[in-house]
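Data first, discussion second: the structure below is written as structure tokens.
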Amino acid sequence: MPELPEVETVCKYLRKYVINKTIKDVNVYELKILQNITLKEFKKNIQNQKILQITRRGKYIIFLLSFSTLISHLRMEGKYFYYSEQKFLKFHKHKMISFCFNDNDILIYSDTRKFGTIHYFLNHNFKNNNPIKKLGIEPFNTNFNELYLKKNWLKTKKAIKKSLLEQNIICGIGNIYADEILFLSKIHPLSVTNKLSLTDLKKIVLATKTILKKAIELEGTTIKSFSSFQGKFSGHFQFNLKVYHRYNQKCFNCNFLIKKIKLSNRSSFFCDHCQIQKK
DNA sequence: CAGCGTGTTGAGGA
DNA sequence: TTCCTCAACACGCT
């Protein structure tokens, strides 16, 4: 579900509700959510820590606590819910973890497919550790430009669509926005990555920044199940999608029909007529 | 009932 | 090394 704009939106709402709250206790319902720490150690350490800051890196949400760091990934369907009453806990069939604050408000992480993860560090030194360590550049970083891509894609022969999804080069782009970026850049998803010209790379950079910025403004894309917070805030970027999910519909530029192919088992939508393939 | 999927990882093979 | 496909994770939806 969530790509950079959706995660950014979730962060925005989380900040609104839980900044400066102190965690009293935590309940873990699905042990597998904890990636790098035992339940015992986690529970012991997190008590009485205050949430100082909430930031995003790639598709990860980073909770900076008084003396530790909690890093959450929503994978496909993870969602946060916030309540002032404990009784709402029982309505969440797929909850993986819940936090209870000093004022007895609660934050629930719910995930129907249970793919979500939490990494927990006993300090603030998370940047030099996985999963954050392996992430590539942020799309809004000023150093993200055509020269960065040229350098990193010099030897990359795979399809450009796949390259865009590699989080260790650029982080935050997922299947939806990759298709949209390539459409706006007029580049075919099967184009060989290192055959792209500097001009093409420049187009990709510009399209990436433009699309992600717009999607953040519209609070993300709601196709199937995405809601950013409390299950009731959904995005509006779906009304701005130019190719994604538009199979067999007319291209907004040229009226040819949008095509759909499978690339690494993921759907790719594109316009065969507008998007040029470099072999 | 079978197939699908907005994400990530690892195995196995070419 | 590099790249690919497939499976796994688990569930609701079509």
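The basis for the numbers below is simple: all heavy atoms, side chains too, and nothing from hydrogens, waters or symmetry mates. The chains referred to below are lettered A, B, ... by the order of the sequence lines, with proteins before strands, and numbering in each begins at 1.
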Whom does dA10(C) pair with, Watson-Crick or G-U wobble, provided both distances fall under 3.5 Å? none

From NZ of Lys157(A) across to P of dC3(C) the rounded distance in Å is 8 Å

Does OH in Tyr29(A) sit with more than 12 non-hydrogen atoms of other residues, nucleotides or ligands closer than 6.0 Å? yes

Ring-on-base stacking dC9(C) with Phe115(A) (under 5.5 Å, under 30°): yes

So, does Lys32(A) get its side chain near the phosphate of dA10(C), meaning an N or O under 4.0 Å from OP1 or OP2? yes

Choose from dC4(C), dC9(C), dG5(B) the nucleotide whose nearest atom is closest to any side-chain atom of Lys162(A). dC4(C)

Quick one: His245(A) NE2 to dT14(C) C1', roughly how many Å, whole number? 12 Å

Say you pick atom P in dC4(B) and the same atom in dT5(C); how far apart are they, in whole Å? 16 Å

Would you tell me if any nitrogen or oxygen in the side chain of Ser264(A) comes within less than 4.0 Å of OP1 or OP2 on dC4(C)? no

What is the ring orientation for Tyr83(A) with Phe81(A), classed by angle as parallel under 30°, tilted 30 to 60°, or perpendicular over 60°? parallel

Between His73(A) (NE2) and dC9(C) (P), how many Å, whole number? 19 Å

Could you check how far CG of Asn194(A) sits from P of dT1(C), rounded to whole Å? 19 Å

Tell me whether the guanidinium CZ or amine NZ of Arg246(A) lies under 6.0 angstrom from the six-membered ring centre of Phe252(A) and within 45° of its axis. yes

Taking only side-chain nitrogens and oxygens of His94(A), does any of them come within less than 4.0 Å of OP1 or OP2 of dA10(C)? no

Report which part of the nucleic acid Thr156(A) touches: base, sugar-phosphate, or nothing (heavy-atom distance under 4.0 Å, all strands). sugar-phosphate

Atom OH of Tyr60(A) to atom P of dT9(B): distance rounded to whole Å? 5 Å

According to a strict under-4.0 Å criterion, is Lys262(A) in side-chain N/O contact with OP1 or OP2 of dG5(B)? yes

So, OP1 or OP2 of dC11(C): does either fall under 4.0 Å of a side-chain N or O from Lys114(A)? yes

Looking at Lys134(A), I'd like to know whether one of its side-chain N or O atoms comes within less than 4.0 Å of OP1 or OP2 on dT8(B). no

Any salt bridge linking Lys213(A) with Glu217(A)? Criterion: basic side-chain nitrogen under 4.0 Å from a carboxylate oxygen. yes

Between CE of Met76(A) and P of dT8(B) the distance, given in whole Å, is 10 Å

Among dT8(B), dC4(C), dG5(B), the one nearest any side-chain atom of Arg75(A) is dT8(B)

Check this for me: Lys242(A), atom NZ, are more than 12 non-hydrogen atoms of other residues, nucleotides or ligands nearer than 6.0 Å? yes

Pair Asp111(A), Arg75(A) - check salt bridge (Lys or Arg N to Asp or Glu O under 4.0 Å), show working. CA-CA 9 Å; Asp111(A) 190 336; Arg75(A) 293 290 183 101; over 6 Å; no

On a whole-Å scale, what distance lies between the P atoms belonging to dT1(C) and dT8(B)? 24 Å

Report the distance from atom NZ of Lys155(A) to atom P of dT2(C), rounded to the nearest whole Å. 7 Å

If you go through the side-chain atoms of Arg113(A), does one of them form a donor-acceptor pair with the base of dG12(C) closer than 3.5 Å? no

For a quick check of understanding: with a heavy-atom distance under 4.0 Å over all strands, which category does Tyr244(A) fall into, base, sugar-phosphate or nothing? sugar-phosphate

Whole angstroms only, please: what is the NZ-P distance between Lys158(A) and dT5(C)? 11 Å

